[in-house]
Structure formats: structure tokens, C-alpha cells
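First the proteins, then the strands, lettered A, B, ... as listed; each starts at 1.
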Amino acid sequence: MKPSIPKGTRDFLPSQVAKRNYIFDCIRSVFETYGYVPIETPVMENLATLTGKYGDEGDKLLFKILNNGDYLAKADSEALSEKNSAKLTKSIAKKGLRYDLTVPFARFVTMHQNDLSFPFKRYQIQQVWRGDRPQKGRYQEFYQCDVDVVGSDSLMYEAELVKIYDDVFTALRIPATIKVNNRKVLYGIAEAAGVEEKFMSMTMAIDKLDKIGQDGVTEELMQRGITTEQADFIMSTLKIDNLNDLFEAFSASPTGQHGIQELREFHNYLDRTETNNNIQFDISLARGLTYYTGCIFEVITDKVNIGSIGGGGRYADLTSSFGLKGVSGVGVSFGAARIYDVMEELDLFPSDISQTISVLLIAFDEMTHGHAFSVLSELRANGIKSDLYPSPAKMKKQMKYANDISVPYVLLVGSEEMETGQYSLKDMNTGEQKKYSIEDIKTVLA
RNA sequence: GUGGUUGUAGCUCAGUUGGUUAGAGCGCCGGAUUGUGGUUCCGGAGGUCGUCGGUUCGAGACCGAUCUUCCACCCCA
């Protein structure tokens with residue numbers, strides 16, 4: 001058969017893994033500097049843990065795992081005869097692949113609440129799966145890098161997480177714009193316009209402002225059952241771009257004013273630190289995930305058209321659906337695959353990251369090959385990343401291999417070298433070649 | 001999930017209104033060079049034209065289905 005992999009998934013060559021690890025290492029090191037600790041959760045969760053957390057659309061994109069054994073015997077025969085897939089799912093699939101890292105984290109916190117000290121700061125770098133139709137920068141399997149802190153509602157953490165974004169994108173040299181808004185501000189707009197019951201629907205329309213423009217949003221609002229007067233009011237509120245005026249506009253909305261207060265407090269913290277990237281209040285930023293309740297964030301880079309490369313926000317009540325109440329959390333996520341694509345496109349990866357060994361040993365015949373193996377052992381015992389070509393093949397072939405794997409040095413082991421103990425070390429970049437004793441080689445390559 | 005798009009050698013792509021044995025560049029392998037790679041020259045290998053079916057005397061080309069890619073929605077990292 002012809003080999004293939006499922007759509008939206010990818011293999012990774014060694015050089016690609018090296019690049020990805022470069023991103024992970026950078027992110028991980030920033031996370032740890034800020035006091036976050038790593039955890040891991042299973043790739044599959046009970047379907048009941050996942051369903052209903054991401055809205056109806058999200059539920060459709062969840063990968064469900066067919067039960068083992070004779071699953072049809074226990075299937076809902078009524079749903080089966082009705083050909084009702086949604087109804088049938090519950091009886092034939094108990095598990096699903098995780099859709100993000102935040103919901104499994106909420107489950108984790110609830111289950112292990114007695115083992116954790118709050119505020120609990122964790123990071124997690126693992127794959128997630130979504131049954132979306134693939135496009136550039138959109139895969140069915142991809143890594144997310146999440147940092148979250150639960151057990152505190154201090155706005156200090158919102159500022160801290162934005163600063164983490166700033167640090168990571170600065171280190172990776174990606175020019176980023178970090179957009180900030182607050183769900184309470186959006187709710188305030190709905191409240192002031194008298195459309196509280198259409199809050200979710202309204203935010204989805206507002207979120208498209210960049211894409212479809214003011215007229216488009218107005219039209220969409222009306223399609224969603226909002227009157228012309230209400231839509232006009234909403235659109236005029238969206239034009240207010242400073243917090244003080246917005247505060248005034250929310251005189252009839254305590255929630256809206258509370259949202260403004262939170263944004264002010266967030267800025268008070270953030271203003272006490274230096275940032276390199278553009279941090280922007282964007283009243284039209286909405287974000288789809290239903291569980292956000294306070295500040296929300298999204299990161300884009302205007303150099304590459306690939307959608308957002310990060311997002312997150314405050315969720316006051318995520319653990320309550322698992323029975324743990326009153327635990328507020330806030331977190332952000334980095335989209336590793338998209339960050340990779342952006343860096344590839346902007347050519348931001350350092351050139352030396354795929355290098356695996358420092359020196360390749362080359363022997364000329366059976367006898368020197370055996371000797372080279374003992375030299376190899378000694379280099380390795382001294383922590384020098386090294387390898388020996390597996391046979392005394394033609395030099396051209398061995399040199400070509402060295403060139404192909406871009407090893408910086410080649411050590412030639414011939415009979416002359418073996419007798420004198422002076423080995424020829426060739427610098428593959430300059431082409432220069434000098435003789436050294438093993439002791440000297442250890443210091444040159446150390 | 002809806003509408004569209006793509007698929008020919010390892011890679012990037014040609015391939016005429018349907019007509020012999022499907023081409024190029026790069027890469028790969030071998031040699032020029034039996035102790036020297038990345039340059040040069042010479043030679044060579046490599047394809048079930050995504051897959052299955054249909055139309056036709058004849059299909060890489062036309063039709064259908066399917067898989068995949070990318071794009072616009074939807075949503076999102």
C-alpha cells in the first residue's frame with residue numbers, strides 16, 4: 001500500500017524538530033523565569049470533560065474515540081435507526097482527544113486541588129487536536145504552549161502574562177502586536193445597548209470588525225436580531241478609543257465600568273515594566289471560547305497573514321463545572337506551529353540549530369577504523385558530541401557525508417596518525433587542517 | 001461542516017484540439033580524483049501521471065467518485 005498520514009497532520013524531519021525545539025526552549029525558559037512549573041495531562045480525556053466547553057462549533061470539532069470492544073452492542077439503537085450521529089456519539093464514544101490545554105487543566109486543578117498550593121502557576125507544552133478543515137497555519141494536530149495561573153484574581157497576572165508574550169516574541173525576534181480587551185467591556189456594550197441576552201451573538205459579530213468593516217458588522221448585528229438603533233449605538237460605542245470616555249458611556253452598565261476598572265489596573269501594573277512590542281487596546285477583540293470572563297488577549301504579527309499566533313484571557317469560573325467554585329484563573333497560549341511558520345517565512349531561525357555533532361571521525365582501512373572507534377569512545381567520554389563513519393569507505397564518500405550533515409570538524413584517522421598520535425583535524429568551514437594530539441583535540445572541541 | 005482549488009521523478013515545474021517510448025532544472029548515484037567535502041566536467045538510475053471507476057480504437061489530458069493540498073466561509077493557534 002501507499003503510505004500516507006491523516007489530513008492536517010505532519011511528519012517532522014530532524015531539522016524541523018530542531019527548529020521546533022528552539023521555539024520550545026525559548027518559551028520554556030521564559031516561563032520558568034516567571035516561576036511557572038510544567039505539568040502534563042493525557043492526550044485523551046473523558047468526552048464529558050470536553051463537551052460543552054467550547055460552544056456548539058467546538059463540539060463538532062472534537063475528535064471522539066470509538067469505544068473498544070463490541071461497541072455496537074451497547075449503542076443507542078434508537079439513535080442508530082434514526083441515523084442521528086450526534087445522539088449516537090454518547091453511546092459509542094466515551095473518550096475524546098483534547099481540544100486545548102485549558103479545559104484539561106481546569107479538570108486537573110479540580111482533581112488535585114489538595115496537592116496544589118495557590119496561586120498555582122503551571123505551564124504545559126503538548127499537542128491538541130481539532131477536526132477543522134486544514135489550511136496554511138491550520139492543522140488538525142498542533143502544539144500549544146500554555147501558561148496559566150489559578151487561585152488569584154490579581155490583575156498583576158494579566159500584566160505578567162502580557163510581559164511573557166513580550167519577552168518570548170522579543171527573544172524569537174517576531175514583531176508582534178498584543179491586543180487586549182475585556183469581556184466585561186463587551187458585556188457593558190450589550191448592557192448599555194439593551195441586548196444583554198444577545199451578548200454572545202453580538203461579540204461574534206463585533207469580532208469581525210477587522211475583516212468585514214463597520215457596515216459589515218452593522219449588517220451582521222441586524223441579522224442576529226438586533227435593531228437598527230441598537231446596532232448604531234453599538235457601532236458608535238466601538239469608536240470610543242479611550243478608557244475614560246468609555247467609562248462615561250457605561251454610566252448605565254456597572255459591568256462595563258468594572259471592565260474599564262480592570263483594564264486600568266492592568267495598565268498600572270504593565271506601565272511599571274518595559275515592553276518591546278506593540279500593546280494595543282482593541283475594543284473589537286472578542287475571542288470565541290465561551291469561558292473567558294475578564295481580560296482577553298490575542299497576538300498577531302502583521303508581517304505574515306496567518307491569523308493569531310497566541311491568545312488567552314481570564315476565566316473566573318472554569319473549574320466550577322467540575323465542582324470547584326471560586327477559583328479564578330488567567331492564562332495565555334502560544335501557537336507553536338504558527339510561530340514556526342512565521343519564523344520560517346521571515347527567516348528568523350539561527351543557522352546553527354540543527355547541528356548534532358561537533359566532529360566526525362573518518363578512517364581509511366579496517367585497522368584504523370578499529371583504532372578510530374577507541375578514539376571516538378574517548379571523545380565521547382569527555383562529553384564531546386561525536387561520531388565515526390561506520391565503514392572505512394572512500395574518502396570522498398565520507399567527506400561528502402560530513403558535508404551533508406554540516407558537521408563543523410572532521411578528524412582523519414589514518415595509519416600515519418595512528419603511529420604518531422597526531423590526528424588531522426579539518427575545519428569544514430575554512431577547509432584548514434592541522435595536527436593535534438587527542439588531549440589538544442579535547443580542548444579545541446570542548 | 002459549506003463552496004471552490006490542487007495533485008506528473010526525491011524537489012520545483014513543462015507536457016499542444018485526446019494520438020508512438022511522458023520531459024527539463026535542481027537533487028541523487030557512479031566516474032574524472034586509491035588520503036580530502038562544498039566548485040567544474042562526463043556518465044547513469046529514477047515515473048502505476050494521487051487512487052478507483054467510466055467515455056473512447058486510443059486518456060497524463062475528458063467525465064464521475066474518493067483521498068490530499070491550498071483558498072474563502074465557519075471557527076480558531
Side-chain angles (χ1 to χ4, degrees), chain A residues 1-10 13 23 27 54-62 85-86 99-102 125-146 165 200 203-205 207-208 211-212 216 220 285-290 292 296-301 304-312 332-342 360 362-365 368 389 392-418 423-433 435:
Chain A
M1 66 169 271
K2 194 170 184 173
S4 64
I5 55 173
K7 73 172 163 198
T9 67
R10 298 171 298 165
L13 294 168
I23 295 172
I27 288 174
Y54 311 105
D56 292 343
E57 285 301 319
D59 284 355
K60 285 181 200 155
L61 301 180
L62 279 174
S85 305
Y99 179 90
D100 71 357
L101 300 177
T102 306
I125 299 177
Q126 290 190 282
Q127 284 121 310
V128 302
W129 292 266
R130 296 182 187 176
D132 221 346
R133 187 168 288 200
Q135 274 181 44
K136 183 175 169 196
R138 167 179 296 204
Y139 307 98
Q140 294 205 342
E141 174 184 67
F142 58 98
Y143 274 92
Q144 282 195 325
C145 312
D146 272 32
Y165 268 144
M200 281 305 299
T203 56
M204 283 165 76
D207 198 32
K208 294 181 190 169
K211 199 179 268 181
I212 61 179
E220 180 137 350
L285 175 64
R287 298 194 53 77
L289 292 174
T290 52
Y292 293 123
I296 46 181
F297 313 104
E298 190 162 287
V299 186
I300 54 161
T301 176
V304 183
N305 181 26
I306 200 168
S308 62
I309 53 176
V332 297
S333 179
F334 291 77
R338 287 190 180 174
I339 291 170
Y340 182 105
D341 290 348
V342 167
L360 179 75
I362 286 180
F364 299 106
D365 51 41
T368 51
Y389 196 86
K394 280 184 191 165
M395 246 200 121
K396 184 184 167 85
K397 194 174 171 70
Q398 299 197 63
M399 289 299 291
K400 182 167 160 39
Y401 177 74
N403 200 55
D404 289 347
I405 63 172
S406 38
V407 63
Y409 290 97
V410 161
L411 189 69
L412 300 169
V413 183
S415 52
E416 188 187 318
E417 283 82 354
M418 203 174 107
Y423 299 89
S424 305
L425 186 70
K426 176 161 180 158
D427 182 324
M428 292 296 281
N429 291 317
T430 62
E432 280 173 32
Q433 190 168 319
K435 293 208 170 184

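Base contact: E417(A) has a heavy atom under 4.0 Å from a base atom. Within the 4.0 angstrom heavy-atom criterion, only backbone atoms of the sugar-phosphate kind lie near K394(A); the bases stay farther away. No engagement by G307(A) is indicated, since no non-hydrogen atom pair under 4.0 Å with the nucleic acid exists. As judged by a 4.0 angstrom heavy-atom cut-off over every strand, Q398(A) is placed among residues making no nucleic acid contact. If you check every strand for non-hydrogen atoms under 4.0 Å, S333(A) touches nothing. Within the nucleic acid shown, I339(A) has no heavy atom closer than 4.0 Å to any nucleic acid atom. Note on G431(A): a base of the nucleic acid sits closer than 4.0 angstrom, heavy atoms only. Using a 4.0 Å heavy-atom cutoff across all strands shown, D365(A) reaches no nucleic acid atom at all.
Taking side-chain N and O atoms only, K60(A) has no distance below 4.0 Å to OP1 or OP2 of C74(B). Of the side-chain N and O atoms in R338(A), none sit less than 4.0 angstrom from OP1 or OP2 of C76(B). For G31(B), neither phosphate oxygen OP1 nor OP2 lies less than 4.0 angstrom from any side-chain nitrogen or oxygen of K396(A).
With hydrogens and angles left out, the side-chain atoms of T102(A) and D146(A) include a donor and acceptor closer than 3.5 Å. A donor and an acceptor atom, one from each side chain of D100(A) and Y54(A), are located under 3.5 Å apart.
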Under 3.5 Å, which protein N or O atoms sit close to an N or O of nucleotides 69-73 of chain B? Give each pair with its distance.
from, atom 1, to, atom 2, distance (Å)
U69(B), OP1, G8(A), N, 3.1
C71(B), OP2, K136(A), N, 2.4
A72(B), OP2, Q135(A), OE1, 3.1

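Within the 4.5 Å cutoff, side-chain heavy atoms of I125(A) are placed close to those of Y143(A). A heavy-atom distance below 4.5 Å is not found between the side chains of L61(A) and D59(A). Counting only heavy atoms from C-beta outward, the side chains of Q433(A) and L412(A) approach each other to under 4.5 Å. In this structure, Q126(A) and L101(A) have side chains that are in contact, with non-hydrogen atoms separated by less than 4.5 Å.
Nucleotides G60(B) and G23(B) are separated by 14 Å at their P atoms, to the nearest Å. If you take atom C1' in C67(B) and the same atom in C75(B), they sit 24 Å apart, rounded to whole Å. Here the separation of G47(B) from A22(B), taken at their C1' atoms, is 8 Å to the nearest Å. The gap from the P atom of G15(B) to that of G27(B) amounts to 24 Å, rounded to the nearest Å. Comparing the same atom, P, in C74(B) and in G3(B) gives a spacing of 16 Å after rounding to whole Å. A59(B) and U51(B) have their C1' atoms separated by 16 Å, with the value rounded to a whole Å. Nucleotides U48(B) and C41(B) have their C1' atoms positioned 36 Å apart, rounded to a whole Å. Remark: the separation of the P atoms in U6(B) and C71(B) is 14 Å, to the nearest Å.
Among the nucleotides A77(B), G37(B), C75(B), the one closest to the side chain of R287(A) is A77(B).
Pair check for G53(B) finds C63(B); Watson-Crick or G-U wobble, both atom distances under 3.5 Å. With a 3.5 Å ceiling on both atom-pair distances, the Watson-Crick or G-U wobble partner of C26(B) is G10(B).
Contact annotation: side chain of N403(A) to base of G37(B), donor-acceptor pair present below 3.5 Å.
Rounding to whole angstrom units, CG of residue L13(A) and C1' of C11(B) are separated by 13 Å. One interatomic measurement links the two molecules: CD of Q144(A) to P of A77(B), which rounds to 6 Å at whole-angstrom precision. Atom C1' of nucleotide G38(B) and atom CG of N429(A) are separated by 10 Å, given to the nearest angstrom. At whole-Å resolution of the value, OH in Y292(A) and C1' in C75(B) are 14 Å apart. Between F297(A) atom CZ and A77(B) atom C1' there is a gap of 16 Å when expressed in whole angstrom units. As a whole-Å value, the separation of F364(A) CZ from U34(B) P is 13 Å. Atom CG in D146(A) sits roughly 9 Å away from atom P in A77(B) (whole-Å rounding). Taking atom NZ of K400(A) as the reference point, atom P of G27(B) lies 9 Å away to the nearest angstrom.
The 5' end of RNA chain B is approached more closely, in terms of each residue's nearest nucleotide, by E416(A) than by the other of E416(A) and V299(A). Of the two residues near RNA chain B, E220(A) and I5(A), the one whose nearest nucleotide lies more 5' is I5(A).
Comment: R138(A) engages D132(A) in a salt bridge, judged by a side-chain N to carboxylate O separation of less than 4.0 angstrom.
Between Y165(A) and F334(A), the gap from one ring centroid to the other is short of 6.0 Å.
In this structure, F142(A) packs face-to-face on the six-membered ring of A77(B), meeting both the 5.5 Å centre cutoff and the 30° plane limit.
Once rounded to the nearest 0.5 Å, the distance linking CD of E417(A) with NZ of K435(A) reads 4.5 Å. Put simply, CD on Q398(A) and CG on L360(A) are 7.5 Å apart, with the number rounded to the nearest 0.5 Å.
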